[in-house]
Each structure stands twice: as C-alpha cells, then as structure tokens.
Amino acid sequence: MPELPEVETIVRSLSSIIIGTEILSTKLLWEKSLAAPSPESFSPLIINQTIENITRRGKYIHLHLTSVHLFVHLRMSGDLLVYPKPYTPGKHDRLLLELNNGKYLIFNDTRKFGRVWLTLHPEDVIGNLGPEPLDQNFSAQDLFKALQSKHRSIKPLLLDQSFIAGLGNIYTDEALHISGIHPLRISDTITYIEALNLFSAIRTVLLEGIEHNGASIDWVYRGGNFQNYFRVYGRENELCSTCGTKISKITVGQRGTHFCQKCQENKI
DNA sequence: AGGGAAACCCGAACGC
DNA sequence: TGCGTTCGGGTTTCCC
C-alpha cells in the first residue's frame, strides 16, 4: 500500500539517482505486473528512453520518459529499488530496468499486487484521481463542498482515490482521530468547522509522515519510522493519548478501523 | 448512489 | 512439530 508519504519518500530518494539516465534493457520477471501495454510492445517503447523526471500523483509513481510515461503503483508490498550491476534478480523482483549509470531500477513486490503501466496518455492511468491533499490549490472550502456533495460514511469516502488522492488506511484513521470525527460519520453532516479541522488534520498527518520518511508496519510495508508516532492505527486496546480511553477497532468497508470512542463520538 | 463482498496475492502469525 | 486457517494491504469488479 505505501500511502502518500511512503511513495513521496521513494520518489525523493530515487530522483537524484535515476533522473537523466537512459534505459538500456528490460527484464519482465512476472508478466502480470505489467498492466499495459502488452509485453511485446513494452520493450520497444521503453528501450533507449531517458528518464527525464520522477514525480508522484496520489500513490502512483510517475516516470517521465522521453516520449512515454511509466507509472508504478506499489499497492501493499511493492518497492522500487536501485542496485548496482552485476545483479542477480531476487525472489520477488518483478521487473528490472537496466540503466546506463551502471545500475538497475527494480520493481520488487512480494505479494504481486503492484502494477506498472507504460502509456502515451497519462490520463489513462491517473485521470480519475481526486485532488492532491497537499496541493496549494486544494483548500478547506473545496473539501467542505466535496463532503457536502456526497452522502457517504467518511472513512470509505476518504479512502476513495477519486474523492481525494493518496490517503490509505493508516493516514485516514490518524486524520479522523486528530479531527475528532467518527469513521462512520455521514459526509454531508460534517460541519464547516469540522471540515476545516479535517483538512488541517489530513495535511498534518501527511506532512508528519513525510518528515519521518513514511511508516513501516508489516515486514513488506517498509518506510521510515512514523509508526512510532501513530495515535490510533494498530493501537487497539491501548489508551488514547488525548483522553485515556481504550482505542477501539472495528471493520468499516472491509478495512480495520481504529478510533477513540470518546474523542470521535458519532454525531447525527 | 452507495454498500457489501469477492477477487487478486503472499507469508507471517496464529490455533490446534 | 506440523499442519491448516486467518489476516492485511489497495483497487477493481460485480451484485444488491
């Protein structure tokens, strides 16, 4: 899953190493990791292309090549790694790109959930994503209006990438706790003041996550050390740092959901 | 429209 | 010890 902060960390750490390099050859070790195009057209399209830039949109990593776009979604257990040559592919390596700087860029994914796209049209991959929560052009007023326009439980709504991009299970639980909103609260009952608080809480947890280079939770979900600062995620039966109430865990939309019954009382 | 569930995957962790 | 089961992550798809 890496969420926005983990992906942001990966993009930052890779940029100085791979920007400006050229792709010399490819090795696709697990065909299904390539969502598009077909394996036959993949290599001809990507070989001899230069990596002009690497950016992030939602949880997608966007490699801007000379005349095509390569997108990587890590889902839960994926990782993008750089190793020097010579290199023997590891058990969970799915795609190797040989670069002209003496290194390989490697898409590694233990659980085979992650996907890679190569396309001429970025919108085909990221066209349905909602606003970037850290974008200067995205405001609390925008969030309030969007919440008003839907009649859905807030947690699944925040996880919906077409509503807002980049939030996953961890940062959603954290943001709802900070803003004192129950995960089952219906979106259009959220007041303007609460929307302001939610907006600021989303930015707070994402920026904190980035500051700590993301979180590491499962042995396949690797990032920085933000897990040491979680307020509710993964802390069921521990005490809420704000009020001392035992943190609850329920299931919402098939997802483990952690919250404080006192700080996040369900209103309306 | 929105909720619920299944499917996609793997291996750690658990239960017996 | 060894086996079988459960779990969790993000997204898509399908069904009610």
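Below, read A as the first sequence line, B as the second, and so on, with proteins coming before strands; counting in each chain starts at 1. This is a predicted model, so every value here is computed, not measured.
Out of B:dC8, B:dG2, C:dG8, the shortest distance to the side chain of A:Arg111 is found at C:dG8. Nearest to the side-chain atoms of A:His151 among the listed nucleotides B:dG2, B:dC9, C:dT11 stands B:dG2. Ranking C:dT12, B:dG2, B:dC9 by closeness to the A:Tyr60 side chain, first place goes to C:dT12. The side chain of A:Arg152 sits closest to B:dG3 out of B:dG3, B:dG11, C:dG9.
In this pair, A:Tyr83 and A:Tyr87 present their aromatic rings parallel. The plane angle is below 30°, not in the 30 to 60° band.
One finds a side-chain N or O of A:His92 lying less than 4.0 angstrom from the OP1 or OP2 phosphate oxygen of B:dG11. Within the structure, a side-chain polar atom (N or O) of A:Tyr233 is placed less than 4.0 Å from OP1 or OP2 of C:dG9. Note on A:Ser153: a side-chain N or O is less than 4.0 Å away from OP1 or OP2 of B:dG3. Checking the phosphate oxygens (OP1, OP2) of C:dT11, a side-chain nitrogen or oxygen of A:Lys59 falls inside 4.0 Å.
Computed from coordinates, the A:Asp160 CG to C:dT11 C1' distance equals 10 Å when rounded to whole Å. Look at CG on A:Leu74: it is 17 Å from C1' on C:dG8, rounded to the nearest Å. To the nearest angstrom, C1' of B:dC10 lies 9 Å from NZ of A:Lys91. B:dG2 atom C1' lies 14 Å from atom CD1 of A:Ile154, rounded to whole Å. If you take CZ of A:Arg115 and C1' of B:dC9, they are 9 Å apart, rounded to a whole angstrom. Going from atom CZ of A:Arg185 over to atom P of B:dG3 covers 15 Å, rounded to whole Å. As a whole-Å value, the separation of A:Lys112 NZ from B:dA7 P is 18 Å. Taking atom CZ on A:Arg57 and atom C1' on C:dT11, their separation rounds to 16 Å, with Å as the unit.
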Could you walk me through whether A:Ser139 and A:Asp142 pass the side-chain hydrogen bond (donor to acceptor under 3.5 Å, both in side chains) check?
CA-CA 5 Å; A:Ser139 69; A:Asp142 293 334; 3.2 Å; yes
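Between the two ends of the helix from B:dG2-C:dC16 to B:dC16-C:dG2, each summarised by a five-pair axis, the helix axis turns through 60° (rounded to 10 degrees).
Taking the six-membered ring for Trp and the full ring otherwise, A:Phe138 and A:Phe199 have centroids separated by under 6.0 Å. Ring centers of A:His212 and A:Tyr229: under 6.0 Å apart, within the cut-off. Taking the centre of each ring, A:Phe226 and A:Tyr171 come in below the 6.0 Å mark.
With A:Ile154 as the fixed residue, the side chain to side chain contact (heavy atoms under 4.5 Å, CB included) test singles out one of A:Leu184, A:Leu198, A:Ile186: A:Leu198.
When the nearest nucleotides of DNA chain C are assigned to A:Lys249 and A:Leu167 by heavy-atom distance, the more 5′-ward of the two goes with A:Lys249. In this structure, A:Val252 and A:Trp30 both approach DNA chain B, and ranking their closest nucleotides by distance from the 5' end singles out A:Val252.
Distance alone, capped at 3.5 Å, places no donor-acceptor pair between the A:Thr172 side chain and the A:Leu159 backbone.
A:Ser67 and A:Gln49 are linked by a side-chain donor-acceptor pair at a separation below 3.5 angstrom, with hydrogens and angles left out of the test.
Across all strands shown, A:Gln254 has heavy atoms under 4.0 Å from base atoms, whether or not it also approaches the sugar-phosphate. A:Lys155 comes within 4.0 angstrom of nothing in the nucleic acid, heavy atoms only.
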